[in-house]
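Notes for the one structure printed next.
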There are 2 protein chains.
Amino acid sequence: MSQGKSPNRYTLRDVARHAGVSLGTASKALNKSGTLRQETRDKVLKAADELGFRPNDLAQALHRGQSFTVGLISNDSFGRFTMPIMEGLETVLHAAGIALFMCNATDDPEREKRHIDQLLGKRVDGLIFTGRRADRRPVPGLALGNLPVLYVFSQSDEPGAACLLPDDEGGARLATAHLLSLGRTRIAHVTGPEDFEAVRLRRRGYEASLSKVDPALILHGPWSEAWGREAATRLLAMPVRPDAIFAGNDQIARGIVEALRDNAISVPRDIAVIGFDNWSVMTEASRPQLSSVDMNLKLLGEEAGQRLIRMIRGERESGTSRLPCTLVPRASTVPTP
Amino acid sequence: MSQGKSPNRYTLRDVARHAGVSLGTASKALNKSGTLRQETRDKVLKAADELGFRPNDLAQALHRGQSFTVGLISNDSFGRFTMPIMEGLETVLHAAGIALFMCNATDDPEREKRHIDQLLGKRVDGLIFTGRRADRRPVPGLALGNLPVLYVFSQSDEPGAACLLPDDEGGARLATAHLLSLGRTRIAHVTGPEDFEAVRLRRRGYEASLSKVDPALILHGPWSEAWGREAATRLLAMPVRPDAIFAGNDQIARGIVEALRDNAISVPRDIAVIGFDNWSVMTEASRPQLSSVDMNLKLLGEEAGQRLIRMIRGERESGTSRLPCTLVPRASTVPTP
DNA sequence: AATCATTCGGAAAAGCTTTTCCGATTCACG
DNA sequence: CGTGAATCGGAAAAGCTTTTCCGAATGATT
């Protein structure tokens, strides 16, 4: 350690000296081990406090063979999905005395590999991969051995990998059932690109909720408001119009609502609209505000934290779990009183 | 180290044994030090590769007194501003052999304090604070001593703190000058809450660009599309309407554009509109697409990385620097041919 | 006075890596 | 043959912390 360069200029040896005890006694006092008088412990604690002593985690980790650190690797360059997940993770890991550090690979495999390398060098106790789409991703280009690894809002090509995801299909069922409960009988589904697994699952949830599916009411396009506008225009041009639209995400839903407004269609009176993601930037700015499905990403993060802790403690975890989503009704489906 | 638990099951001692050399020789070979025959070095490198050896960063950092790690502490729970900054930082720090790890405090001072504590325990070589608004923030509740600390897109109550920020005022000048260059003569400014420093600076840039300022053309409100809509409605109700509107951010601008459309005002023909932030979620979805001012956050991150490296190497850095923004013209100000 | 219990000191060892230093060996050259 | 250079081994030390073990000192009890 270069002295005077960092806030941690004092070692345990300094604390011991300051407290007038031996090095071993100082350690025992701070770690509540050994048989020391309370007076001796207090003396050491006071000395440590006065010196602003902070144990050197590096030395501790080296000695105990565990760093109590977890790395989170994300390829979500916008942070939209990762941040709530991280928040939930951090809460749970912190309660277990584990620090969480994130690296953002920005969808660059080389960068990701490098991050893994760095985290392994730091001897993290586990790794979590997450991103901005839940489809399978390539196995990392480094052997991870028995290190606990968990995919959250993400999956792996590796068979048996432990994965935790929102229940897209269930969420879509919620949305469709909500529209049905409102008496809607002709529900369209405007969604994203077919190569997203989430798109397929949401579509499956929609289809499973209907007694009869009309393929002409299912439209795929890009994740954008513009696509929502175009799709709505197409639906309006049909001989028989839908009386509700379940959009694959909130951006598409926003576009749909805008096109309906442009065409003097009243939402939800004439056509109800519900999105997916519960992205407040979209739901709140839309006119009327969007009903949506929340993926509960923070809860997903909490569940992931608990799961990883179990893995770190030696339990075996594998396979994919899906956590339920939540319906968030707003004025785009529920008329305001 | 608990064996078989992690990918790093081999120590340098194992590599030496595998290569049939001494521990010291193995170290010298991997670190390109000492006087070894190339043949000996190659033998050690091969052994290390075969065993998948990765040096223990903890032991290295302990020995050399430097961790080559930097902590990034953000209070931006959405990641919108932090992610591009992080990307720029990571690029520059990586080139200098330094790892970057992020903790997200989600605007909770207790959580932030805890993160600082964790990072200090890991003996980071420097700390970077960033967030979602650039105003002064309280001094962290922990003494950081001489540890290099840099505020990026953020400022500190601590006098002389090193800060790096986008040039809000300059960006506002760019936006206003752009409108002037298009022949606009009556430019309004619809912006965010007065308690944001960025709001005050952007207003100052706007005012400085005009030979004559009409206070009635400056409206403050919340950061939302709804406020943009309301403000536009107010401006349209004025005896003399503006022929251009400079919005404090893209969300407000989006709202303005929508209200103009609702009132059959053609953008940019009748009234040109420019935003700030260049947030693609807004700029691209708007009709027409929004001209905006980009804060160059990735570049800010790169500059911050370079600055922090200098600080880590012992140079003194203090005070606030501002990096220029970039004008991004789109159809909301420039008519499409 | 002797014995036992409590408390602490301090030495040693371990974790892993780097670096230095000294000694030993081998080979080449004068 | 003697000397010097190149090469490597291996021991030691350092970084910081934790833990164990044994010995020493003190106070209380018999």
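Proteins come first, then strands; the chains are lettered A, B, ... in the order of their sequence lines, and each starts at number 1.
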Donor-acceptor pair, side chain of A/Asp117 and main chain of A/Lys113, under 3.5 angstrom: no

Sugar-phosphate only, base, or nothing, as touched by A/Leu58 at under 4.0 Å among non-hydrogen atoms: nothing

Within this structure, what is the [atom1]-to-[atom2] distance between [X] and [N], rounded to whole angstrom?
X        : N      : atom1 : atom2 : value
B/Arg123 : D/dC16 : CZ    : C1'   : 9 Å
A/Tyr10  : D/dG15 : OH    : P     : 17 Å
B/Arg41  : D/dA6  : CZ    : P     : 14 Å
B/Asn56  : C/dG15 : CG    : C1'   : 9 Å
B/Glu39  : C/dC27 : CD    : C1'   : 15 Å
A/Leu36  : D/dA25 : CG    : P     : 19 Å
B/Leu30  : C/dT17 : CG    : P     : 10 Å
A/Arg17  : C/dG9  : CZ    : P     : 14 Å

Rounded distance (nearest 0.5 Å) linking atom OG of B/Ser22 with atom CZ of B/Arg13: 10.5 Å

Straight-line distance of B/Leu23 CG to B/Thr11 OG1, nearest 0.5 Å: 8.0 Å

With respect to the side chain of [X], which nucleotide from [options] is positioned closest?
X       : options                : value
A/Arg13 : D/dG9, C/dT19, D/dT17  : D/dT17
A/Arg37 : D/dG9, C/dT7, D/dT17   : C/dT7
A/Leu23 : D/dT18, D/dC16, C/dT17 : D/dT18
A/Leu62 : C/dC16, C/dT18, D/dT17 : C/dC16
A/Ser22 : C/dT18, C/dG9, C/dT17  : C/dG9
B/Leu12 : C/dT7, D/dC16, C/dT17  : C/dT17
A/Ala59 : D/dA14, C/dG10, D/dT17 : D/dT17

N/O (side chain, B/Gln60) to phosphate O (OP1/OP2, C/dT18) under 4.0 Å: yes

Distance test, side-chain N/O of B/Asn31 to OP1/OP2 of C/dT18, below 4.0 Å: yes

is_close_aromatic(B/Phe53, B/Tyr10), centroid dist under 6.0 Å: no

Exceeds 12 heavy-atom contacts within 6.0 angstrom, atom CD of B/Gln38: yes

Contact nearer the 5' end of DNA chain D, comparing B/Lys28 with A/Ser33: B/Lys28

